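Down below is the structure, laid out as structure tokens.
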Amino acid sequence: MIKTDTAILGAGASGLFLAKFMKNSDYILVDKSEIPLKLKVSGGGKCNFTNEYISKENYLYRDDFVQKVLSFYTNRELLRFFKDIGYQKVKNNQYFAYSSDDVIKKLNQKKFIADIEDVEKSKDIFRIQTSKGVIMAKRVVVATGGLSYKKLGATDTGYKIAKKFGHDITPLKPALVGLSLQKEQFWMKRLSGVCFRAKVSVANKSFCDDILFSHRGVTGPAILNASLYWDRGDVKIDFLPDFHAFNSKKALSNALPLPKRFIVEFLKANSLEDKPLNSSKKALELLKSYKFAPAGNFGYDKAEVTKGGVKLKELDDFESKFEKSLYFIGEVLETTGELGGYNLQWCFSSAKYLAAKLSNSKKERR
Ligand SMILES: Cc1cc2nc3c(=O)[nH]c(=O)nc-3n(C[C@H](O)[C@H](O)[C@H](O)COP(=O)(O)OP(=O)(O)OC[C@H]3O[C@@H](n4cnc5c(N)ncnc54)[C@H](O)[C@@H]3O)c2cc1C
């Protein structure tokens, strides 16, 4: 049996970052995997760890506490933290490392490799049952992440622990994921591989970026972002976000800055003809404001994140309001960010915020 002050459950982005700042503390970091697999594949192996512009507006399920946490440990501080491994700023103000292996090396910690099976509490001590024996801890931090990408080790362990201690979970859904189609939009499937810039709007959010048609539906960064805010109902696409109608006798397929393949399928699907631009008002209006109701999404196997999770309002500075000394950080929380480094920034900010809180409470106890 292992006895410790703090058991950090999960050594992904948030668990590793917390451990990094648990200086002079007695803690154990538990994970079934030696390598933080999601961190490794993140940003296509280059780990898009933050963005130039970060605010709570980039997150679903946000409140003033989310802003407080993001302001407590900002993108600037994170950039300073990663300064020695180097990074580059690319399109959409995203910051990427040169390799996620550099990030992992920088964060790496000693781990206890085991499956976390159950957590119980009696007489102020948590009993964590693992595949390699029992850990007794005065504090537990749940950093076991979300449900997406099971093949990278995702489990529902964190949600199960939360429920066991009386927490309600905001409904869980795949997010930052492609959208599947209803029959009326199957014409898009014939465009598999076609990619261009469009403006995608859902609820009161709009994203101007690439969309990519695939054999399953429609994806690409603008769609992935829209999927965060979409639950059901219409998504609107402006296929011509940078185009201002001009007077031309050229046929639509020659006049518009869109792939020909797309125009042909679009016109066919909407029973329109490839007429001169200046007599194609209806087609132009439809291209500027195409509404459709997706059938669903590509599922957890393709989703970068899980939206929903442990409710912030049931926590006080990440500590459970129902069970003293039980904490949650990272993706297991309901707060979910847009594409562009927002999710890792949230993991790091929440971890750093908690590290400061725990070290303050240690000082107070002395
Ligand atoms: C393909 C992909 C690309 C992404 N790219 C980016 C990006 O570029 N930028 C960005 O901001 N976000 C990105 N994300 C999202 C980001 O990686 C996650 O939001 C982030 O890793 C979540 O961190 P976490 O620490 O909360 O959980 P995780 O990183 O998922 O870590 C949880 C850990 O808990 C362990 N664990 C879970 N259950 C158990 C158990 N029962 N027993 C033992 N161990 C357990 C897991 O092994 C894992 O190591 C990407 C996600 C994916 C899937």
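Owing to the predicted nature of the structure, the values given are computational and were not obtained by experimental measurement. In listed order, ligands and their atoms are each counted from 1.
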Original post:
Which ligand 1 atoms are under 4.0 Å away from a heavy-atom of G330?
Top reply: 26 (O)

Subject >> Option nearest atom 6 (C) of ligand 1 (shortest heavy-atom distance, choices S131, S42, A351) >> reply: S42

Subject >> Contact (N/O only, under 3.5 Å) between N48 and ligand 1 >> reply: yes

Original post:
Crowded around K150 NZ? As in, over 12 foreign heavy atoms under 6.0 Å?
Top reply: no

Subject >> Pairing of E265 and R261 as salt bridge, 4.0 angstrom limit >> reply: no

Residues 174-182, side-chain donor-acceptor partners within the protein, below 3.5 Å, at least two apart:
residue: S180; atom: OG; partner: G296; partner atom: N; Å: 3.1
residue: S180; atom: OG; partner: G296; partner atom: O; Å: 3.3
residue: Q182; atom: NE2; partner: A293; partner atom: O; Å: 3.0

Original post:
Tell me, which protein residue and heavy-atom name are nearest atom 24 (P) of ligand 1, and how many Å apart are they?
Top reply: S14 OG, 3.4 Å

**OP:** For the pair K311 and D168, find out whether any cationic side-chain nitrogen is under 4.0 Å from an anionic carboxylate oxygen.
**Re:** yes

Original post:
So which heavy atom in the protein is nearest atom 27 (O) of ligand 1, and how far is it from that ligand atom?
Top reply: G145 CA, 3.3 Å

Original post:
If you measure from each heavy atom of C347 to ligand 1, is any distance below 4.0 Å?
Top reply: yes

**OP:** For the pair K205 and E338, find out whether any cationic side-chain nitrogen is under 4.0 Å from an anionic carboxylate oxygen.
**Re:** yes

Original post:
Tell me, which protein residue and heavy-atom name are nearest atom 53 (C) of ligand 1, and how many Å apart are they?
Top reply: Y149 CD1, 3.3 Å

Original post:
Does D242 come within less than 4.0 Å of R197, counting only side-chain N to carboxylate O?
Top reply: yes

Original post:
Tell me, do Y353 and K68 make a side-chain contact under 4.5 Å, heavy atoms counted?
Top reply: yes

Original post:
Does A143 come within less than 4.0 Å of ligand 1, judged by its heavy atoms?
Top reply: yes

Original post:
Is K106 paired with D84 through a side-chain N to carboxylate O contact shorter than 4.0 Å?
Top reply: yes

**OP:** Number the atoms of ligand 1 from 1 as they appear, then name those within less than 4.0 Å of a heavy atom of G10, with their elements.
**Re:** 33 (C), 34 (O)

**OP:** Decide whether an N or O pair under 3.5 Å exists between S33 and ligand 1.
**Re:** no

**OP:** Determine, step by step, whether H167 and Y159 satisfy the ring-ring contact (aromatic ring centres under 6.0 Å, His included) criterion, reporting the C-alpha distance in whole Å, the side-chain angles of both residues, the deciding distance to 0.1 Å, and the verdict.
**Re:** CA-CA 9 Å; H167 285 270; Y159 307 114; over 10 Å; no

Subject >> Close-contact set for ligand 1 against N343 heavy atoms, below 4.0 Å >> reply: 11 (O), 12 (N), 19 (O)

**OP:** Please determine if D31 has a nitrogen or oxygen closer than 3.5 Å to a nitrogen or oxygen of ligand 1.
**Re:** yes

Original post:
Are any of the N/O atoms in I329 less than 3.5 Å from those in ligand 1?
Top reply: no

Subject >> Ion pair D156/K163, N-O distance below 4.0 Å >> reply: no

Original post:
Quick one: does D115 get a heavy atom under 4.0 Å from ligand 1?
Top reply: yes

**OP:** List every atom of ligand 1 that sits less than 4.0 Å from any heavy atom of V41, numbering the atoms from 1 in the order shown and giving each element.
**Re:** 1 (C)

Subject >> Residues K288, D238: salt bridge by 4.0 Å N-O rule >> reply: yes

Subject >> For atom 28 (P) of ligand 1, the protein heavy atom that lies nearest, with its residue and separation >> reply: G12 CA, 4.1 Å

Original post:
Which residue owns the protein heavy atom closest to atom 8 (O) of ligand 1, what's the atom, and how far is it?
Top reply: G43 N, 2.9 Å

Original post:
Got the closest protein heavy atom to atom 14 (N) of ligand 1, with its distance?
Top reply: E304 OE1, 4.0 Å

Subject >> Protein heavy atom at shortest distance from atom 41 (N) of ligand 1 >> reply: T157 OG1, 2.8 Å

**OP:** Please step through ring-ring contact (aromatic ring centres under 6.0 Å, His included) for the pair F49 and F348, ending with a clear verdict.
**Re:** CA-CA 9 Å; F49 63 87; F348 296 139; 7.4 Å; no

Subject >> T155-ligand 1 polar pair, N/O distance under 3.5 Å >> reply: yes

Original post:
Less than 3.5 Å between some nitrogen or oxygen of A13 and one of ligand 1, yes or no?
Top reply: yes

Original post:
Is it true that R62 and E57 have a side-chain N and a carboxylate O under 4.0 angstrom from each other?
Top reply: yes

Subject >> Shortest heavy-atom approach to atom 10 (C) of ligand 1 - which of L37, L344, L176, I116 >> reply: L344

Original post:
For atom 19 (O) of ligand 1, which of K32, K302, E331, Q94 has the closest heavy atom?
Top reply: E331

Original post:
Does A114 reach ligand 1, in the sense of a heavy atom lying below 4.0 Å from it?
Top reply: yes

Original post:
Under 4.0 Å between a Lys/Arg side-chain N and an Asp/Glu carboxylate O for E314 and K321?
Top reply: no

